[in-house]
Amino acid sequence: PADSSESPALNHAITLHVWSREGGKAEAMEAISALRASLHNAALSVSGHRLVLLNVVYADIFLSPDARATQGLMRLRAITETA
């Protein structure tokens with residue numbers, strides 16, 4: 001919950017992952033950059049809710065645990081209010 005002055009609000013934590021085996025770090029970074037450009041401060045429609053805020057709070061690129069792929073990770077914060 002993240003109540004606002006007008007209506008009950010919800011605080012959401014969203015984690016997105018991308019992997020690249022062939023394109024490596026450059027491909028994973030390109031995917032994360034495209035996600036950031038599309039989602040940071042986006043005015044998305046959410047059924048039954050009003051999106052108040054959508055921000056990227058963290059993004060990084062690193063070698064996956066099996067060392068066979070490059071992984072990109074992005075965390076977003078969203079706040080919605082009931083419509």
Side-chain angles (χ1 to χ4, degrees):
D3 291 341
S4 67
S5 59
E6 304 221 356
S7 65
L10 294 173
N11 191 11
H12 308 270
I14 303 159
T15 302
L16 302 175
H17 298 265
V18 298
W19 287 269
S20 172
R21 287 199 178 186
E22 302 301 322
K25 185 176 181 178
E27 185 178 56
M29 188 169 294
E30 184 179 329
I32 288 293
S33 293
L35 285 169
R36 177 187 287 273
S38 297
L39 295 173
H40 187 72
N41 289 325
L44 303 177
S45 174
V46 181
S47 180
H49 296 283
R50 183 177 77 82
L51 181 62
V52 176
L53 172 79
L54 180 61
N55 284 335
V56 174
V57 295
Y58 174 83
D60 200 3
I61 307 292
F62 48 90
L63 196 58
S64 66
D66 67 3
R68 295 174 53 198
T70 302
Q71 182 176 356
L73 176 76
M74 177 178 285
R75 292 195 178 116
L76 299 108
R77 176 180 184 223
I79 296 177
T80 60
E81 294 177 337
T82 53

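Here, residue 1 is the first one in the sequence, and each next residue gets the next number.
- Rounded to the nearest 0.5 Å, atoms CZ (R36) and CG (L76) are 9.0 Å apart.
- By the criterion of side-chain heavy atoms lying less than 4.5 angstrom apart, applied directly or through intervening Ile, Leu, Val, Met, Phe, Trp or Tyr residues, M74 is grouped together with L51 in one hydrophobic cluster.
- The OG1 atom of T70 lies 10.0 Å from the CZ atom of F62; values are rounded to the nearest 0.5 Å.
- With a 4.5 Å cut-off on side-chain heavy atoms, N55 and H40 count as touching.
- To the nearest 0.5 angstrom, R77 atom CZ is 11.0 Å from I14 atom CD1.
- Residues L16 and L39 are in side-chain contact: their nearest non-hydrogen atoms beyond the backbone lie under 4.5 Å apart.
- S20 places no side-chain N or O within donor-acceptor distance of the main-chain N or O of A28, the cut-off being under 3.5 Å.
- From E81, atom CD reaches atom CG of L10 across 9.5 Å, with rounding to the nearest 0.5 Å.
- A donor-acceptor pair under 3.5 Å is absent between the side-chain atoms of H12 and the main chain of A78, judged by distance alone.
- The line from CG of L73 to CD1 of I61 is 8.5 Å long, rounded to the nearest 0.5 Å.
- When N41, L44, V46 are each tested for a side chain to side chain contact (heavy atoms under 4.5 Å, CB included) with L54, only one passes: L44.
- Atom CD of residue Q71 and atom CG of residue D66 lie 9.5 Å apart, to the nearest 0.5 angstrom.
- Placement of V56 and L35 within a single hydrophobic cluster is found when ILVMFWY residues are connected by side-chain heavy-atom separations under 4.5 Å, directly or transitively.
- Of all heavy-atom pairs between A59 and I32, the closest is CB-CG2, 3.9 Å.
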